[in-house]
Amino acid sequence: LVVVWQLYRSRFGELLVATRDAEERVRFLGYDPANIKLVAFVIAAVMASIGGAMFAPIAGIISPSDVNAAASIMLIAGVALGGRASMLGPALGAIAVGYGQSTLSEQFPTQWTYFQGALFIVVILFLPGGIASLWPKLKGLRPRRLVGATATATEQEVAA
C-alpha cells in the first residue's frame, strides 16, 4: 500500500489518473496513452508476482486447481466490496472476503456462498463506493453543533 500510495502521489500517478479520466486530453498533451497503460500493466504484474511469491510459503503448496475462475472472481469481488476508488478499499475488501469465506464456510458449510452473495448485494446497493466509502459518510453525519458552539463562545469572549 505504501508503494501504491507513493506511486499515486508521483507525476506518473497523476498521468495514470489523467489517462483514466480523459485519454484524449492526455494524447493532446503529447503522451501516448498506450505506453502509459503498458507501464501500468507491467507495474501491476510485478506487484501481483510479488504477492504470489509471498503467498506460496504461506499456503505451503499451490496446485493448478487452486488457480481457477472462482479465485479470480473472489479477487474482483474483494475490490468491488472494498471500493475501487480508494487506495485502502481493495485491501479492506480482500480482508472482508477472506474473513467471510473462512468464517462462514466453517459455520455454514453449504450456505456460506449465499451469505457472502447477500453481503455483496447489500454493499453494492447501499455503499456503491464500497466499504471504504463508509468512513467519509459517517464522518459527514457527525453533528456540527460543536463547531458552531465553539465559534459562538469565541465570539462572546471577543465581545466581552
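Given the structure is predicted, the values throughout are model-derived calculations rather than measurements. Residue indices begin at 1 and follow the sequence shown.
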Over all heavy atoms of both residues, which pair between [X] and [Y] is shortest? Give the atoms and the distance, please.
X	Y	answer
Ser86	Ala132	OG-CB, 3.1 Å
Leu81	Gly93	CD2-O, 4.2 Å
Val97	Gly78	CG2-CA, 3.6 Å
Pro33	Thr19	CB-CG2, 4.1 Å
Ser133	Leu127	OG-CD2, 4.0 Å
Leu16	Ala40	CD2-CB, 3.5 Å

Just wondering, more than 12 heavy atoms not from Arg27 lying within 6.0 Å of its CZ?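 Yes - once you tally the heavy atoms of other residues, nucleotides and ligands closer than 6.0 Å, there are more than 12.
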
More than 12 heavy atoms of other residues, nucleotides or ligands under 6.0 Å from CG of Leu1: is that the case? no

Same apolar cluster (I L V M F W Y, side chains within < 4.5 Å links), [X]/[Y]:
X	Y	result
Trp135	Trp5	no
Ile121	Ile124	no
Val39	Val42	no
Leu88	Val79	no
Leu119	Leu134	yes

Measuring only between side-chain heavy atoms, which start at C-beta, is [X] closer than 4.5 Å to [Y]?
X	Y	answer
Met87	Tyr8	yes
Gln111	Leu104	no
Trp112	Thr103	no

Output, in order, the C-alpha distance, side-chain angles, deciding distance and verdict of side chain to side chain contact (heavy atoms under 4.5 Å, CB included) for Ile50 and Val46. CA-CA 6 Å; Ile50 292 170; Val46 168; 4.1 Å; yes

Tell me, with the steps shown, if Phe12 and Ile36 meet side chain to side chain contact (heavy atoms under 4.5 Å, CB included). CA-CA 9 Å; Phe12 183 70; Ile36 296 167; 4.2 Å; yes

Given a cutoff of under 4.5 Å between side-chain heavy atoms of I, L, V, M, F, W and Y, with clusters grown through shared members, what are the other residues clustered with Ile73?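 Traced through the cluster, Ile73 reaches no other member.
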
In chain order, what residues pass the ring-ring contact (aromatic ring centres under 6.0 Å, His included) check against Phe108, with sequence neighbours excluded?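 Scan of Phe108 (ring-ring contact (aromatic ring centres under 6.0 Å, His included), adjacent residues dropped) gives Phe115.
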
Side-chain donor/acceptor of Gln116 to backbone N/O of Gly100, under 3.5 Å: no

Could you please spell out the steps behind the side chain to side chain contact (heavy atoms under 4.5 Å, CB included) verdict for Gln101 and Thr113? CA-CA 8 Å; Gln101 187 174 0; Thr113 54; over 6 Å; no

